[in-house]
2 protein chains.
Amino acid sequence: MANNRDITIYDIANELNLSSSTVSRALKNHRSISKKTIKRVNEMADKMGYTPNELASSLRNNKTKTIGVLISRLNRPFVTSLISGIEETAQKAGYNVIIAQSHDSYNDEVTLAQALYNSRVSGIICSLAMETTKTNHFDQFIKKDIPLVFVDRVPKDFDTYRVMIDNYSAGYKATNHLIEMGAKRIAHIGGLKFRNIYKERERGYRDALKKHNLPIDEDLIQHVKSMSYDEGEKATNKLLDMDNPPDGIFTSNDTTGVAAIQVAKQRGLIIPDELKIIGFNNDPLSQIIDPGLSTISHPAYEMGKTSSKKILKHLKKSDKKSITEITFLNTEIIVRGSTKTN
Amino acid sequence: MANNRDITIYDIANELNLSSSTVSRALKNHRSISKKTIKRVNEMADKMGYTPNELASSLRNNKTKTIGVLISRLNRPFVTSLISGIEETAQKAGYNVIIAQSHDSYNDEVTLAQALYNSRVSGIICSLAMETTKTNHFDQFIKKDIPLVFVDRVPKDFDTYRVMIDNYSAGYKATNHLIEMGAKRIAHIGGLKFRNIYKERERGYRDALKKHNLPIDEDLIQHVKSMSYDEGEKATNKLLDMDNPPDGIFTSNDTTGVAAIQVAKQRGLIIPDELKIIGFNNDPLSQIIDPGLSTISHPAYEMGKTSSKKILKHLKKSDKKSITEITFLNTEIIVRGSTKTN
DNA sequence: TTGTAGGCGTTATCAA
DNA sequence: TTGATAACGCCTACAA
């Protein structure tokens, strides 16, 4: 049942009294091969059940049809949509996608980057682990001119492709919206500050307050480690326990935003009258919760598509030189019941 | 900057005046090599920045360290958890995971199965596309003794590993719970009947009704194509528009369950007093919606882990023979506000 | 239009 | 304990 050897181009060649090179060329419709031979070869290949060995081909050509994707973890809607976009675009171009989860651990990220390198991926797309501050483990890709795209959680200084949103202006927009809806004392729940995206969103938040001459109260700014639901609950409780609690909260993701809504509801606060909340990402949760969570749409799927395209385009080019290219995708504000009554 | 050739074992061998075979063995701590040589080789490898070429190794050994995963689409919580489980288990064993999305299209599934085969995956885990009824495209894996695991959406007749839940008993449990909570006229929103999991859940539903001497009204059974939110809304509206509407609904996933809740709320029905709803999957949505959606927990992550383990175990075995092994994982009923008042 | 020959990097077999 | 050699399956420069 098992281990019957694979059919190779040699087997086809033997059967047709041709050379393996002719068969190889025929299978790729090489123009130097007669139509008749091409037809014969293809028919025989079908008949014999030939399947090309991509491995051998990759080794010989020194390139694989594989893109490596290194992300924190799969179970977040943003990541899922991102990968969907990556995978669909890659698939259309005949590329496979290998997925590796760092679980937000720097050590795992280093190991996995190496594993992806060893399996000779043609390109790599990475959204950094929460913990990661050094990025030496990616240098090898640049050295070998393997296109590297950082997406969303990108390092600050690394000359390569980066696909991201303008987190500063998104943070500004979100905060500004709360102000426009009448909030005067606005809190912020964000991620660790060395992760640039969170820092930028916070910067936007601060600038929006300044712009409207609202004071910045450091006690109203909560940094949480993993932006989980539990952390969101805790942070919200802390905020609402204050003597002078906020009347608006901008959370840097929807999970904590939803947590904030739940906590506020449990405490009997009326949303949005007494407390306005805006999140970030436009996760499915945000429209299911009652009231709906206003949020910033994060074009995850588009970011995935764009990342794949950068890789594919780079692989087509012949002039090899190091590249720095930052692509910003647009965000939109999505207004729901958590900030505005119908 | 680019294209500096990779360091190979030959380069190391040259540098140390050894043969490539010695280096190869040293790098794998082969017992026939002296400790001293092993040390020298490893140090030199580090120094020169050697990275093994898995591609060459795979070709030579005729096996890859890669598991292929073929699923419908990534953006469903069930699938995400499934893959998380697969990937983590695989990663620990030094395996990569290649992901391919069929988008529930039979044709794509056939193409992708072939692509995975061509890239010589060591094993394949598949959850069938909604459309798929024939499974010939998987025969090649069996022929080559490449372990194949079907998970969740499994074919009825295919002698291989299958990892699934007992959908019949889960459907029975869910329906039974509605009855126990007092529902007398229970509807069902399920998927296409040729997809076995939906058929089985429906069978459980029917038998639970029978068991309690409740009549089965075919009008109360809705089959929808993709179990999407929109379809859930439509189906629910249809049911509630009946002259004699149901007082309970069992939906075969949470997305349609949540849709049912929303529709019922919009219509001013009181849940669970006037209408009890139970879903399937225990998606994050189900606990966020208000009232919480009672549901059947689907051990997705566990199913992923189990699937990976089946593959890894099979690869270790030496006695190659075709295998039929069905693993059932447990489901649990999770009771929330949509069926029971606190 | 087709064939010959060598090599991609690794590893297993056999010999030393 | 180490080395020489061939092979995994494919592709391409060169030759015919």
Side-chain angles (χ1 to χ4, degrees), chain A residues 3-42 44-45 48-66 94 117-122 144 146, chain B residues 3-42 44-45 48-66 94 117-122 144 146:
Chain A
N3 284 342
N4 18 17
R5 251 186 64 260
D6 273 325
I7 304 293
T8 72
I9 52 174
Y10 283 95
D11 300 321
I12 301 177
N14 274 334
E15 207 69 25
L16 296 174
N17 282 317
L18 287 169
S19 76
S20 65
S21 39
T22 304
V23 173
S24 171
R25 286 187 276 240
L27 286 170
K28 340 205 73 177
N29 287 310
H30 195 286
R31 58 202 169 70
S32 75
I33 306 289
S34 73
K35 292 214 169 153
K36 196 176 143 198
T37 304
I38 292 186
K39 197 176 161 219
R40 284 176 68 216
V41 168
N42 279 319
M44 184 54 78
M48 299 178 76
Y50 168 77
T51 54
N53 186 328
E54 303 287 0
L55 230 47
S57 168
S58 295
L59 176 61
R60 174 58 229 244
N61 294 323
N62 196 25
K63 68 177 160 204
T64 58
K65 287 279 204 172
T66 307
Y117 182 88
N118 292 352
S119 59
R120 299 297 188 267
V121 291
S122 289
K144 281 277 295 175
I146 296 170
Chain B
N3 283 344
N4 19 14
R5 251 186 64 262
D6 274 323
I7 304 293
T8 72
I9 52 174
Y10 281 97
D11 300 321
I12 300 176
N14 274 334
E15 208 67 24
L16 295 174
N17 282 317
L18 288 170
S19 75
S20 66
S21 23
T22 304
V23 173
S24 171
R25 286 186 278 238
L27 287 169
K28 335 206 78 179
N29 287 310
H30 196 286
R31 60 202 167 72
S32 74
I33 306 291
S34 73
K35 290 213 170 155
K36 195 177 144 198
T37 305
I38 292 187
K39 197 175 161 218
R40 283 176 67 215
V41 168
N42 279 320
M44 183 55 77
M48 299 178 75
Y50 167 78
T51 54
N53 187 327
E54 303 287 0
L55 229 47
S57 170
S58 295
L59 176 61
R60 174 61 231 239
N61 293 324
N62 195 26
K63 67 177 161 206
T64 57
K65 286 280 205 172
T66 307
Y117 183 88
N118 292 351
S119 58
R120 299 297 188 267
V121 290
S122 290
K144 282 277 294 176
I146 296 170

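Below, all heavy atoms of this structure are taken into account, side chains as well, without hydrogens, waters or symmetry copies. Just so it is clear, the structure is predicted and the values come from calculations on it, not from any experiment. Numbered from 1 within each chain, the chains take letters A, B, ... in sequence-line order.
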- Message: I need the minimum non-hydrogen distance between S20(B) and A13(B), along with the two atoms involved.
- Response: N-CB, 3.8 Å
- Minimal heavy-atom distance between L27(B) and A45(B), with the atoms involved, is CD2-CB, 4.2 Å
- Quickly work out the I7(A) CD1 to dC10(D) C1' distance and round it to whole Å. 16 Å
- Rounded to the nearest 0.5 Å, how far does CG of N118(A) lie from NZ of K65(B)? 12.5 Å
Dump the pairs, protein N or O against N or O of nucleotides 13-16 of chain D, anything under 3.5 Å, distances to one decimal.
unit_1	atom_1	unit_2	atom_2	d
dA13(D)	N6	R25(A)	NH1	3.4

- Residues in contact with DNA chain C, drawn from residues 27-39 of chain A - heavy-atom cutoff 4.0 Å: R31(A), S32(A), I33(A), S34(A), T37(A)
- Message: Can you give me the closest heavy-atom contact between G49(B) and I7(B), atom names plus distance?
- Response: O-CG1, 4.1 Å
- Write out all pairs satisfying salt bridge (charged side-chain N to carboxylate O under 4.0 Å, His left out) with one or both partners inside residues 48-57 of chain B, taking only residues at least two apart or from two chains. none
- Task: For DNA chain C, find the residues of residues 55-62 of chain A with a heavy-atom distance under 4.0 Å and give them by number; none if there aren't any.
- Result: L59(A), R60(A)
- Item | Set of side chain to side chain donor-acceptor pair (under 3.5 Å) partners for Y117(B), sequence neighbours left out | D6(A)
- Which residues, if any, of residues 9-19 of chain A bring a heavy atom under 4.0 Å of DNA chain C? N17(A), L18(A), S19(A)
- Note on the structure: Residues at least two apart in sequence or cross-chain that pass side chain to side chain donor-acceptor pair (under 3.5 Å) with S24(A), listed by chain then number, are none
- Note on the structure: Applying side-chain contact (heavy atoms from CB on, under 4.5 Å) to S58(A) and not counting sequence neighbours gives T64(A), L55(B)
- In Å, rounded to the nearest 0.5 Å, how long is the span from NE2 of H30(B) to CD1 of I38(B)? 9.5 Å
- Message: Run the side chain to side chain donor-acceptor pair (under 3.5 Å) test against R25(B) and tell me which residues pass, sequence neighbours left out.
- Response: none
- Message: Consider side chain to side chain contact (heavy atoms under 4.5 Å, CB included). Of T22(B), L18(B), V23(B), which one does I12(B) pass it with?
- Response: V23(B)
- Task: Just grab all the salt bridge (charged side-chain N to carboxylate O under 4.0 Å, His left out) pairs involving residues 8-23 of chain B, residues at least two apart or on different chains.
- Result: R5(B)-D11(B)
- Task: Remember a base hit wins even if backbone is also touched, and classify S24(B) as base, sugar-phosphate or nothing at under 4.0 Å, heavy atoms.
- Result: base
- Query: For the atom pair OG1 (T8(B)) and CE (M48(B)), what is the distance rounded to the nearest 0.5 Å?
  - Reply: 8.0 Å
- DNA chain C: 5'-most and 3'-most nucleotides touching chain A, 4.0 angstrom heavy-atom criterion: dT1(C) to dG9(C)
- Considering all heavy atoms of both residues, which atom of I146(A) and which atom of S122(A) are nearest to each other, and what is their separation? CG2-O, 3.4 Å
- Partner residues of N42(B) under the side chain to side chain donor-acceptor pair (under 3.5 Å) criterion, sequence neighbours left out: none
